[in-house]
Peer 1: 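Starting off with a structure, shown below.
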Amino acid sequence: MNAIPYAIVRRGQPGVAGGGDQKYYAFVKRPAMISLREIIEDITSMSTLTKGDALNAVENFLDLIPKYVRKGHIVNLGQLGTFRINISSNGHDQPEKVTMYSVRGARVVFSPSAEMKMKLAELKFTRASDAFDNLDVGPNEEAA
């Protein structure tokens, strides 16, 4: 298994003028983003599907996940994990006061499967050779 490279960054305290106390943290030094096209090419190299067939299947799959989540379903993707909607709302003293206007927001939550968690527990890390390239990172930013 390849080790994930990390860089070292310096961050200040969020919400403190001038950054407050500075500390050093490890951040994943990410390579380039993997595009859908690259994933499709990998799928076609591992199967008898054509690029068009694979692209069509993946695009249909990506259209269906939000469709089911919007209806309140938990979408179970087997070895990958599940997607579901969570909401936050204002609290009230009496149940009859809770209405749709009490809901402050919703977000999609992904929970990895037990198998995915086991695979992620095996991760190894290595310090990137240029680990000090991005030492100064703002309180709400992540190093590249």
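Treat the numbers as computed from the prediction; the structure is a model and nothing was measured.
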Peer 1: Any idea which heavy atoms bring Ser102 and His92 closest together, and the distance?
Peer 2: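 Taking every non-hydrogen atom into account, OG-NE2, 2.8 Å.
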
Peer 1: State the CG-CD1 distance between Asn60 and Ile65, to the nearest 0.5 angstrom.
Peer 2: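 Going from CG on Asn60 over to CD1 on Ile65, the span is 11.5 Å.
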
Peer 1: Who passes salt bridge (charged side-chain N to carboxylate O under 4.0 Å, His left out) against Glu41, sequence neighbours left out?
Peer 2: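 With neighbours one apart ignored, the set is Lys51.
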
Peer 1: So do the side chains of Arg127 and Ile8 get within less than 4.5 Å of each other, counting heavy atoms only?
Peer 2: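 Arg127 vs Ile8: side chains touch.
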
Peer 1: Say whether Val109 and Leu80 are linked into one hydrophobic cluster, either directly or through other cluster members, by side-chain heavy-atom distances under 4.5 angstrom.
Peer 2: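 Shared cluster, no.
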
Peer 1: For Ser111 and Arg84, what are the C-alpha separation, side-chain angles and deciding distance, and is it a side-chain hydrogen bond (donor to acceptor under 3.5 Å, both in side chains)?
Peer 2: CA-CA 8 Å; Ser111 298; Arg84 68 185 185 283; 2.7 Å; yes

Peer 1: Check step by step if side chain to side chain contact (heavy atoms under 4.5 Å, CB included) holds for Leu77 and Thr82.
Peer 2: CA-CA 6 Å; Leu77 301 178; Thr82 59; over 6 Å; no

Peer 1: Report whether Phe61 and Met116 are members of the same hydrophobic cluster (ILVMFWY, side-chain heavy atoms less than 4.5 Å apart, transitive linking).
Peer 2: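 Yes.
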
Peer 1: With sequence neighbours left out, what residues match Phe125 under ring-ring contact (aromatic ring centres under 6.0 Å, His included)?
Peer 2: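 For Phe125, no residue satisfies ring-ring contact (aromatic ring centres under 6.0 Å, His included) once neighbours in sequence are set aside.
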
Peer 1: If you round to the nearest 0.5 Å, how far is CD1 of Ile43 from OG1 of Thr50?
Peer 2: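 Reported to 0.5 Å precision, the distance equals 11.5 Å.
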
Peer 1: Considering non-hydrogen atoms only, spot the tightest contact between Gln79 and Glu115 and give its length.
Peer 2: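 Closest approach of Gln79 to Glu115, heavy atoms only: CG-OE1, 3.2 Å.
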
Peer 1: When rounded to the nearest 0.5 angstrom, what distance separates CZ in Arg104 from CD1 in Ile87?
Peer 2: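 Those atoms lie 10.0 Å apart.
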
Peer 1: If we ignore angles and hydrogens, is there a donor and acceptor under 3.5 Å between the side chains of Ser45 and Asp42?
Peer 2: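 No.
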
Peer 1: Work out which heavy atom in Arg10 is nearest to a heavy atom in Tyr24; give both atom names and the distance.
Peer 2: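 So the two residues come closest at NH1-OH, 3.5 Å.
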
Peer 1: So which heavy atom on Ala128 is nearest to which on Lys29, and how close?
Peer 2: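 Heavy atoms of Ala128 and Lys29 come nearest at CB-CD, 3.7 Å.
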
Peer 1: Rounded to the nearest 0.5 Å, how far does OG1 of Thr44 lie from CD1 of Ile39?
Peer 2: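 Result: 12.0 Å between the selected atoms.
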
Peer 1: Flag yes if Tyr6 and Leu120 sit in one hydrophobic cluster, no otherwise; membership is Ile, Leu, Val, Met, Phe, Trp, Tyr, and two members link when side-chain heavy atoms are under 4.5 Å apart.
Peer 2: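 Hydrophobic grouping puts Tyr6 with Leu120.
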
Peer 1: Looking only at atom types and distance, does a side-chain atom of Glu38 sit under 3.5 Å from a main-chain N or O of Ser35, one as donor and one as acceptor?
Peer 2: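 Yes.
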
Peer 1: Hydrophobic clustering (ILVMFWY, side-chain heavy atoms < 4.5 Å, transitive) - are Met46 and Leu55 grouped together?
Peer 2: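 Result: no, two separate clusters.
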
Peer 1: How many angstroms lie between atom NZ of Lys124 and atom CD of Glu122, to the nearest 0.5 angstrom?
Peer 2: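 Separation between the atoms: 7.5 Å.
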
Peer 1: Side chain to side chain contact (heavy atoms under 4.5 Å, CB included) between Leu64 and Lys67: does it pass, once the steps are laid out?
Peer 2: CA-CA 5 Å; Leu64 289 173; Lys67 172 187 171 184; 4.0 Å; yes

Peer 1: Students often mix this up, so state it plainly: with edges at 30° and 60°, are the rings of Phe110 and Phe83 parallel, tilted or perpendicular?
Peer 2: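 If you compare the ring of Phe110 with that of Phe83, the planes turn out tilted.
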
Peer 1: Tell me whether Ile74 at atom CD1 has more than 12 heavy atoms from other residues, nucleotides or ligands lying less than 6.0 Å away.
Peer 2: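 Counting other residues, nucleotides and ligands, CD1 of Ile74 stays at 12 neighbours or fewer.
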
